[in-house]
Peer 1: 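Following this message is one structure expressed as structure tokens.
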Number of protein chains: 2
Amino acid sequence: MTQPLRDPNHVTAGGLHGIFPLPAGRTLDICLKLHTAILEHRLAPGVKLSEDEVGEIYGASRTVVRAALQALAHSGMVTIEKNRGAFVARPSIREAHEVFEARALIEPRIARMAATTASEADLRGLQAHIDAEHEAIAAGDMGKALSLSGLFHTAIADISDHQVLANMVRSLISRSSLIIALYWKRPDTACESHSHHALMKAFAERDATAAEEIQKSHIIDLHSGLNLTERPHHDGSLKDILADT
Amino acid sequence: MTQPLRDPNHVTAGGLHGIFPLPAGRTLDICLKLHTAILEHRLAPGVKLSEDEVGEIYGASRTVVRAALQALAHSGMVTIEKNRGAFVARPSIREAHEVFEARALIEPRIARMAATTASEADLRGLQAHIDAEHEAIAAGDMGKALSLSGLFHTAIADISDHQVLANMVRSLISRSSLIIALYWKRPDTACESHSHHALMKAFAERDATAAEEIQKSHIIDLHSGLNLTERPHHDGSLKDILADT
DNA sequence: GCAATGATTATCGTATACAATTATTGTCTA
DNA sequence: TAGACAATAATTGTATACGATAATCATTGC
């Protein structure tokens, strides 16, 4: 009988658990809310997250907000600067390369494992994920579509049943969301969802080798879809946000 | 010109930076002290880390101790249970397998990269590491020897110059220390240091492929040196500590 | 007009106090 | 004596207050 990797009262809700080893509570709530806001590109890289401000929004004291921000810093989504505060992270070009190199190493292995462990219910869940993604694209909600695209990868990680690697993947995907916000070439391209379909097919056929290779080339595609030759256009400061008007 | 991955005031001292994205200060100090204490097996898995107690030892208030414990929880060295407190983590058998599987995936790649990027100074540094390890073994300080053995792997990760993967390796090695404390078969075996020698040789010859394969089999060896069939002998509770007498 | 400098303001770092929860101990009863 | 229950003690969760640091802006001198 296998025992859980961490304590059971470490939340398992929402599907994006695991990166935050926090007991359930308001701290975890704030983590999750900020996390999804970043994943949906409603919080741009570089935006300042003042403790007082966040605390007022969510009705919590600075103590709990601080803990949440530090947790987010550990997962790489937030940068904390001494005596200056917390900001939504702004991954460098170098970090962008490294994150996608790491994904290209880990995720194909994850896909291989998931291909053998996926249940029928898992496959239906993945398909529902793809459908929701299409729906969001049709509705023009690009933030949500991108978020779901990432969540598809984390769902595979969950299916693989390798919690250590799955947590790494989750962290990498969260950072990828920031990287895409900063460096994505074609803002309105339908996000490679045909790769996701191909993966689904490999899973359905229990073809582990195919799943591994599809995932690898998919991530290399994503990597090459980035413009990593120049500094990002806007850096999150108010000046740059309003520069277009 | 490459820019640093994180903010420069995120400490770079001591060689085990990187897992703790904290600004320099007392919180980071306490993190590092507890971290090395765990790595040197002076803090056994399951030991309770009371906030008041730790705070009194290091002369800090609970606020800063709490932050340190949460940081350690994020790197997987500490488990926090709601309303019960923080404990040195006690990795399950399953997690032990997963950690070494992850290492077997990532570290060979790291070794390959390090073989091409290592400078002469890097090689001298690694050799010094090995020497220090031998010295500790000769002095009978097994805790320090084991700690240095792990630090050898993190040193390679640093040399590889891939910060994202290097941080993952650091976290995995820290957890490996706990796993070894719980599951190591032969308490007094000279810890495979001949593998480290072989790696050094591959680095010196710039043989990336050899380095990759040596590292892979080295980690598989470590994995197979664990007794992962039964629950750990003692779990940190008084009952189990005194059960032998 | 522009740059340097000093006071002001806002924000973070830390300590401490109180509330909530859990663990322990002592007592009672079957 | 073993088990259940209640009171007590200890520890964590959270809020708030104070001191320290950095950014801002007005003022002054060139």
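Only heavy atoms go into these numbers, but all of them, side chains included; no hydrogens, no water, no symmetry mates.
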Peer 1: Name the closest nucleotide to the B/R84 side chain, picking from C/dA23, C/dC12, C/dA15.
Peer 2: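 The nucleotide sitting nearest to the side chain is C/dA23.
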Peer 1: Tell me yes or no: between the side chains of B/T79 and B/R90, is some donor less than 3.5 Å from an acceptor?
Peer 2: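 No, B/R90 and B/T79 have no side-chain donor paired with an acceptor closer than 3.5 Å.
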Peer 1: Check every atom of D/dT14, C/dC12, C/dT14 against the side chain of A/K48 and return the nucleotide holding the closest atom.
Peer 2: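 Closest nucleotide among those given: C/dC12.
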Peer 1: Output the rounded distance in Å from OH (B/Y58) to P (C/dT14).
Peer 2: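 After rounding, the gap between these two atoms is 17 Å.
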Peer 1: Please tell me which of the listed nucleotides, C/dG13, D/dA15, D/dT14, lies nearest to the side chain of A/T27?
Peer 2: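 Nearest to the side chain of A/T27 among the choices is D/dT14.
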Peer 1: Please determine whether a side-chain nitrogen or oxygen atom of B/R62 lies at a distance below 4.0 Å from atom OP1 or OP2 of C/dT16.
Peer 2: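 For B/R62, the contact criterion (side-chain N or O under 4.0 Å from OP1 or OP2 of C/dT16) is not met.
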Peer 1: Considering every strand and a 4.0 Å limit on heavy-atom distances, what is the contact class for A/R26: base, sugar-phosphate, or nothing?
Peer 2: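 If one applies the 4.0 Å heavy-atom cut-off, A/R26 turns out to touch the sugar-phosphate alone, with no base involved.
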Peer 1: For D/dA15, take OP1 and OP2 only and decide whether either is under 4.0 Å from a side-chain N or O of A/S61.
Peer 2: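 Yes, because at least one side-chain N or O of A/S61 sits under 4.0 Å from OP1 or OP2 of D/dA15.
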Peer 1: Which pair of heavy atoms, one from B/Y183 and one from B/P91, lies closest together, and at what distance?
Peer 2: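 Closest pair (atom of B/Y183, atom of B/P91, distance): OH-O, 2.8 Å.
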Peer 1: Of the listed nucleotides (D/dT16, C/dG13, C/dA15), which one gets closest to any side-chain atom of A/N83?
Peer 2: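 Selected nucleotide: C/dG13.
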Peer 1: Establish, with yes or no, whether the OP1 or OP2 oxygen of D/dT12 is under 4.0 angstrom from a side-chain nitrogen or oxygen of B/R66.
Peer 2: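 Answer is no, no contact under 4.0 Å.
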Peer 1: Taking the nucleotide of DNA chain C with the nearest heavy atom to each, does A/T63 or A/G85 sit closer to the 5' end?
Peer 2: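 Checking each residue's closest nucleotide, the 5'-ward one belongs to A/G85.
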